[in-house]
Amino acid sequence: MKTYENYIDGKWQSSRGGKLREIHDPGNGELIAKVQESNRQDVVAAIQAARKAFDSGPWRKTSALDRGKILFKIAEGIRAQARKLAELEVRNCGKPLAEAEFDIADAANCFEFYGGLATKIHGETMQVPANSLSFVVREPIGVCGQIIPWNYPLLMAAWKLAPALAAGNCCILKPSEMTPLTALELADIFRQIELPAGVANIVTGPGAGAGEELTTNTLVDKIAFTGGTVTGRKIMTGAAANIKKISLELGGKNPNVVFADADLAASIDGALFGAFANQGEVCSAGSRLLVEKSIHKQLVEGMLAKIPKIKLGHGLSPGVKMGPLISATHRDKVESYIKLGLSEGAKLLCGGKRPEPSDLSTGYFVEPTIFDNVTPNMRISREEIFGPVLTVTTFSSEEEAVKLANDTDYGLAAGIWTQNVQKAVRVAQQVRAGIVWVNTYHPTFNEMPWGGYKQSGIGRELGLYGVDEYLETKQVNINLDEAPIGWY
Ligand code: TXE
């Protein structure tokens, strides 16, 4: 069993506080690694290393072409150990192996995407009403703190680090205290490819203390966060200390809207996949299924017929389609919502309990759960459960569907199922969400922006938009007149 250290200033370092945290496999409770339970001093050391690397290190003088080549090497490094990383991801966060393999491949693609983009970051020249050469340059923001959650550990690290490094920033990444292992393996790739010291630092530790230091320390210029809304508010408050730039991705309660003219088989699949991929621990999960009344019965029956195909088990067991939840605490939270749904009067169609097989008793499993007869005012329809719980609500008109879809504080994603292209476009235009899928659910592309309206966050990740979040914009005006200003 491995004990990992923090990766600070190009070196492995133990926590100054000497504390370790045990990391357990949520699928069977097995102890799989120990990591540093870092304190504020460790984070300060990482911030100082990043500051030095940015202010006086080689990174800012490294050409965009060379930064891009380094990101390509990181992508290669990930691919070279894809299998090992996927298995580690499964053991650390519980997801089925096929999903982890997809995440790891996508993390490599993300570094490659931004490696290619590094040389395309550019400014522009403006026509101004003066004899002046006026142009805009884009520059790195500086030192970026990056705080990520536990549901897509390596992928979230890639989404944060790749655009930041492509733009020429120096970073301190804090993975979730529950799922730090693949980010630490990524740090080893940084070491192997000789990424200059201090450019990317990985520090493990809890939100209280380590995360707070990253958020409030005035040597940090920008904070990027993915996680829960409650923590997001704290991050905003902490970032106010020195008016840090911020970007936040805070989850959702996403509507998946099925119209009567949809392809029934496709929408049954889409409804299940939208709700239950990654155990429903997905910010963009289609956790609110809105169904046109006339097809409600067929859709529900179709889903129930397929539920037995969602095999629960340890993510490394063959054929498993749903793994355990991340922790006992999180399972308690999900189970409390199931209890709440029952007390609110929703009709439990399936699941709602832990699976029976005794070999699953040591993992944090909950069966895929569907509630019917859910009304929009019920808390199970309004609050992010972040587990395998789907609510079903019916509507009678397109207008009502749009109203229900938008009846949420969140605005991350939405699904629309119809074979009428005009209707699809009309509804997509009215839905207040940053991501809209039509006749599909969940595809995520490095090329396309990711982020939310309303309380789902601030800013966008991925694509050209993602790198913008790591750039400052500077105007330069060169006077071409020989004469003085002549005002006085
Ligand atoms: O997330 P937190 P939690 C939602 C989901 C889940 C809920 C709580 O609904 O049930 O959030 O999950 C760090 N200062 N999402 O408690 O707290 C923490 O160490 C600085 C949605 O696990 O948001 C971790 O690295 N950092 C989501 C990261 O924040 C702090 C993904 C995320 O943890 C901090 C995960 C603090 N004060 C949960 N407190 C999504 N958007 O995908 C914690 N952290």
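Each ligand, and each atom within it, is numbered from 1 in the order the structure gives. In this chain, numbering begins with 1 at the start of the sequence shown. Worth knowing before you read on, the calculation uses all heavy atoms, side chains too, and leaves out hydrogens, waters and symmetry mates.
Counted by atom type alone, Thr229 and Gln455 present zero donor-acceptor pairs between their side chains at under 3.5 Å. Side-chain contact, His314 with Asp25: a donor N or O sits under 3.5 Å from an acceptor N or O.
There is no protein heavy atom closer than 4.0 angstrom to atom 16 (O) of ligand 1. Of the protein's heavy atoms, none falls inside 4.0 Å of atom 33 (O) of ligand 1. For atom 8 (C) of ligand 1, the protein comes within 4.0 Å by no heavy atom at all.
Rounded to the nearest 0.5 angstrom, Arg382 CZ and Arg288 CZ are separated by 7.5 Å.
When each atom of ligand 1 is checked for a heavy atom of Leu250 under 4.0 Å away, the hits are 41 (N). Below 4.0 Å from some heavy atom of Ile148 lie the following atoms of ligand 1, by number and element: 24 (C), 25 (O), 28 (C). Close approach of ligand 1 to Pro175 is summarised as follows: ligand atoms under 4.0 Å from at least one heavy atom of the residue are 25 (O). Shown in contact with His330 at under 4.0 Å from a heavy atom are these atoms of ligand 1, numbered in order with element: 10 (O). For ligand 1, the atoms sitting less than 4.0 Å from at least one non-hydrogen atom of Pro149 are 31 (C), 35 (C), numbered in the order shown with element in parentheses. Residue-ligand proximity, Ile147 to ligand 1, at heavy-atom distances under 4.0 Å covers atoms 13 (C), 20 (C), 25 (O), 26 (N), 28 (C), 29 (O). Within the listing of ligand 1, atoms 41 (N) sit less than 4.0 angstrom from a heavy atom of Gly251. Atoms of ligand 1 lying under 4.0 Å from at least one heavy atom of Thr215, given by number and element, are 20 (C).
The heavy-atom pair separating Tyr441 from Ala413 by the smallest distance is OH-CB, 4.2 Å.
Salt bridge present: Glu30 and Arg91 bring a charged side-chain N and a carboxylate O closer than 4.0 Å. Contact check on Glu249 versus Lys160 returns no salt bridge, with no Lys/Arg side-chain nitrogen under 4.0 Å from an Asp/Glu carboxylate oxygen. Between Lys19 and Asp42 no salt bridge is recorded (no basic side-chain N to carboxylate O distance below 4.0 Å). Between Glu335 and Lys353, no side-chain nitrogen of the basic residue sits less than 4.0 Å from a carboxylate oxygen of the acidic one, so the salt-bridge criterion is not met. No salt bridge links Lys253 with Glu384; every basic N to acidic carboxylate O contact stays at or beyond 4.0 Å.
Annotation: atom 10 (O) of ligand 1 to nearest protein heavy atom, Lys333 NZ, 2.5 Å. The protein non-hydrogen atom at the shortest distance from atom 19 (O) of ligand 1 is Glu177 OE1, 2.5 Å. Looking at atom 12 (O) of ligand 1, its nearest protein heavy atom turns out to be Trp150 NE1, 4.0 Å. For atom 20 (C) of ligand 1, the nearest protein heavy atom (residue, atom name, distance) is Gly211 C, 3.3 Å. Among protein heavy atoms, the minimum distance from atom 42 (O) of ligand 1 is reached at Cys283 CB, 3.2 Å.
Heavy atoms of Tyr152 come nearer than 4.0 angstrom to ligand 1 in no pair at all. Residue contact annotation: Ala210 has no non-hydrogen atom under 4.0 Å from ligand 1. Using a 4.0 angstrom heavy-atom cutoff, Ser176 counts as in contact with ligand 1.
At least one N or O atom of Thr231, backbone or side chain, sits closer than 3.5 Å to an N or O atom of ligand 1. Polar contact with ligand 1: absent for Thr226 (N/O pair, distance under 3.5 Å). Distances between N or O atoms of Gly207 and those of ligand 1 include at least one value under 3.5 Å. At least one N or O atom of Gly228, backbone or side chain, sits closer than 3.5 Å to an N or O atom of ligand 1. Residue Glu384 places at least one N or O, backbone or side chain, under 3.5 Å from an N or O of ligand 1. Backbone and side-chain nitrogen or oxygen atoms of Phe225 are examined, and none is located within less than 3.5 angstrom of a nitrogen or oxygen of ligand 1.
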Please test Phe273 against His442 for ring pair (Phe, Tyr, Trp, His ring centres under 6.0 Å), starting from the C-alpha separation and ending with a verdict.
CA-CA 8 Å; Phe273 186 64; His442 273 327; 5.6 Å; yes
Full working for ring pair (Phe, Tyr, Trp, His ring centres under 6.0 Å) between Tyr7 and Trp12:
CA-CA 5 Å; Tyr7 188 68; Trp12 293 113; 5.2 Å; yes
Worked check of ring pair (Phe, Tyr, Trp, His ring centres under 6.0 Å) between Phe386 and Trp150
CA-CA 12 Å; Phe386 222 62; Trp150 40 262; 5.4 Å; yes
Hey, mind stepping through Leu248 and Ile235 against side chain to side chain contact (heavy atoms under 4.5 Å, CB included) and telling me if it holds?
CA-CA 9 Å; Leu248 305 173; Ile235 303 266; 4.1 Å; yes
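By the 30° and 60° cut-offs, the orientation of the rings of Trp450 relative to Trp159 is perpendicular.
The shortest side-chain heavy-atom distance between Arg432 and Lys454 falls under the 4.5 Å cut-off.
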